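Below is one structure, written out as structure tokens; comments come after it.
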Amino acid sequence: MTLATSGSAARRPLAALLAAGLAVTLAAGCGGGKSGGSGGGKTTLNVGMPDGATLPANNNPFLDSSFAKKLGYTWLIWEPLAMQDEAKPDQDPAPWLATKWTWSPDYSQVTLTVRDGVKWSDGTPLTADDVAYSFQIQKDHKDVNYYSLPINNVTTSGNQVTVSFDGSQYVNRTKILSTQVINKKQWSAMADPSKDTVANPVGTGPYTIKTTTPSTVTVSARSGYWGTAPKVKTINFTTYSSNDTMGAALVDGQAEWSYYFMSDAKSTFVGKDPAHFKLYFPAQLSADGLWFNTTKKPFDNPHLRRAMSMVINRTDIFNQGEAGYFKPEIDNITGIPTPQGEPYIAAEFKGVSPTTGVAAAKQELTGNGFTYSGNTLMDPTGKPVTLTITDPADWNDYQTDLEIIKDNLATIGITATIDKANDDAWDDAIAKGDFDAMLHWTNSGTTPYDMYEEIMDSAGLEPIGTAATADFGRYQNPAADAALKAYSNATDDNSRTAAMDNLEKLFVQEMPMIPTSAGNLGAEYSTRNWAGWPTADNPYEAPQPTRWGMEDVVLHLTPSS
């Protein structure tokens, strides 16, 4: 457990994950953890992330490498239109800067009502023009259009903003409502809003930046916030050099909230103070799993992919590779995580396990052109089936997962080799299709559509050697394309259900990617000084500190008695 590992924070595909390796001074900004208010009450919260480098002192929310984005305080400055609990995708978002929204019947247009009485941190009022500009800038600058929303037109009328799109946006509803509202005056003066430095951000959120060092940004609660004043008056956001230093900071109290993988979290973290040190990792509607380069034989054969899925032990992956907590096990053949995705699973697949054992796998193979030479599986051309599975060497959970998969595949005569790649080389190889198989995540959304789209939509198809941002396995199936289109364009629930059932059936038949684990929305945190955290018994919000709901979590915190 030396370096940061794969995460599930909102990101463009193949964005860098929790990079590690450069030294960071740990003491900077950490003293606030001991501060007290009147009567000795707690006033400061300490958040840490093992990003492993001195980050640019830039608060630009559109820049993935900025302090604001890496450490999560972007959500405390620029607020969304609505607050979505990602762990409850079927639950309607809560009104935030928009008090109401109305979609057209075909979901190609939304009209937003802007909350009255909101002031920017510079004292000026939030207006409909600011909200409109927050969409217009995405239309005009594709590099800040994080979800590639097909924005067609933006208009205002009084305190209402109407945004129209090219085609139905049913599958993008939450992404649209999660749009962070920016100050038109500040942002319209920028030359390149995707990269320009934002030293003194103007936001509607409850906090403003107090101090910045090479490793810590401190934010403080501001006066004039439109909502209930937070009980947390100051927050230190610190970047740590590695998982080890991050873990030490959590145990000794320098940090109280983080998100990263600990291979032995239950003993080295929770076990140090079971009453106060907590893990809460709810699933999201996304999947981690074994992606194949479907342009390579024999991995273009769905019967081989199906058989491999039948012997991969997801329980071992969860308990050993994911340390029994980090990425929840996927136990349904559709790859849809439960319980979040249970309402979407077709009746024919309810309760159907993806793992059926060696005998069933061998029957799938020998009944479809594969043979055995002794214990070695031979493909339909008579060649032994071998493959190289590749992932970065420092992704600890994935490396253990790969060892389990390697052993599982050996039970049906497949020889697997693990390539412990360099991070940058791996990024390049995956994007260009230079691999046999690899563990990788998918996008997430309020329905399983986003997961299936990234795996099966040939709209993201690029030729081998050209970098892709989706469909890394180069999977192409007109029936899958049609099912995805039918779901995204459906105008009623019955049509959407039929399209989703079809997508699931195609996925189970083809198995273009073998799902093993759900993406998570979790966090490690301490209740020594702060109460009110989300828990399995009180799952009011996903607790990951770098995602949409972190502001909602902060506003729920109160000093522990």
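Because only heavy atoms are used, hydrogens play no part in the values below, and waters and symmetry mates are left out as well, while side chains stay in. These figures come from a predicted structure and were not determined experimentally.
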>> Show, in sequence, the C-alpha distance, side-chain angles and deciding distance for T415 and T386, and conclude whether the side chain to side chain donor-acceptor pair (under 3.5 Å) test is met.
In response: CA-CA 5 Å; T415 299; T386 64; over 6 Å; no
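- Using a 30° and 60° split on the angle between ring planes, H440 and F472 fall in the tilted class, from 30° to 60°.
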>> Using the rule given for salt bridge (charged side-chain N to carboxylate O under 4.0 Å, His left out), can you reason through D552 versus R547, listing the C-alpha separation, both sets of side-chain angles and the distance that settles it, and then say yes or no?
In response: CA-CA 10 Å; D552 195 22; R547 292 187 74 89; over 6 Å; no
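- Ring geometry for Y398 against W395 counts as perpendicular: the plane angle is over 60°, on a 0 to 90° scale with 30° as the lower cut.
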>> Show, in sequence, the C-alpha distance, side-chain angles and deciding distance for E510 and Y475, and conclude whether the side chain to side chain donor-acceptor pair (under 3.5 Å) test is met.
In response: CA-CA 10 Å; E510 293 284 304; Y475 178 77; 3.2 Å; yes
>> Quick one, E541 with K88, criterion salt bridge (charged side-chain N to carboxylate O under 4.0 Å, His left out). Give me CA distance, side-chain angles, the key distance, then yes/no.
In response: CA-CA 8 Å; E541 187 60 76; K88 298 177 182 176; over 6 Å; no
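- Using the six-membered ring where Trp is involved, W187 and F62 have ring planes that are perpendicular, over 60° apart on the 30 and 60° scheme.
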>> Would Q284 and S444 count as a side chain to side chain donor-acceptor pair (under 3.5 Å) here? Give the steps.
In response: CA-CA 7 Å; Q284 65 179 168; S444 65; 3.2 Å; yes
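- We find that R474 and D300 are not joined by a salt bridge, their nearest charged nitrogen and carboxylate oxygen being 4.0 Å or further apart.
- Residues P337 and I330 approach most closely at CG-CD1, 4.3 Å, considering heavy atoms.
- In summary, E364 and R306 engage in a salt bridge, as defined by a charged side-chain N under 4.0 Å from a carboxylate O.
- Under the 4.0 Å criterion applied to side-chain N and carboxylate O atoms, D436 and K296 are assigned as salt-bridge partners.
- Ion pairing of E462 with K432 is absent here, as no side-chain N (NZ or NE/NH1/NH2) approaches a carboxylate O to less than 4.0 Å.
- K175 forms no cation-pi arrangement with Y449, by the criterion of a distance under 6.0 Å to the ring centre and an angle within 45° of the ring axis.
- Cation-pi geometry between R496 and Y170 is satisfied (NZ or CZ under 6.0 Å from the ring centre, within 45° of the ring normal).
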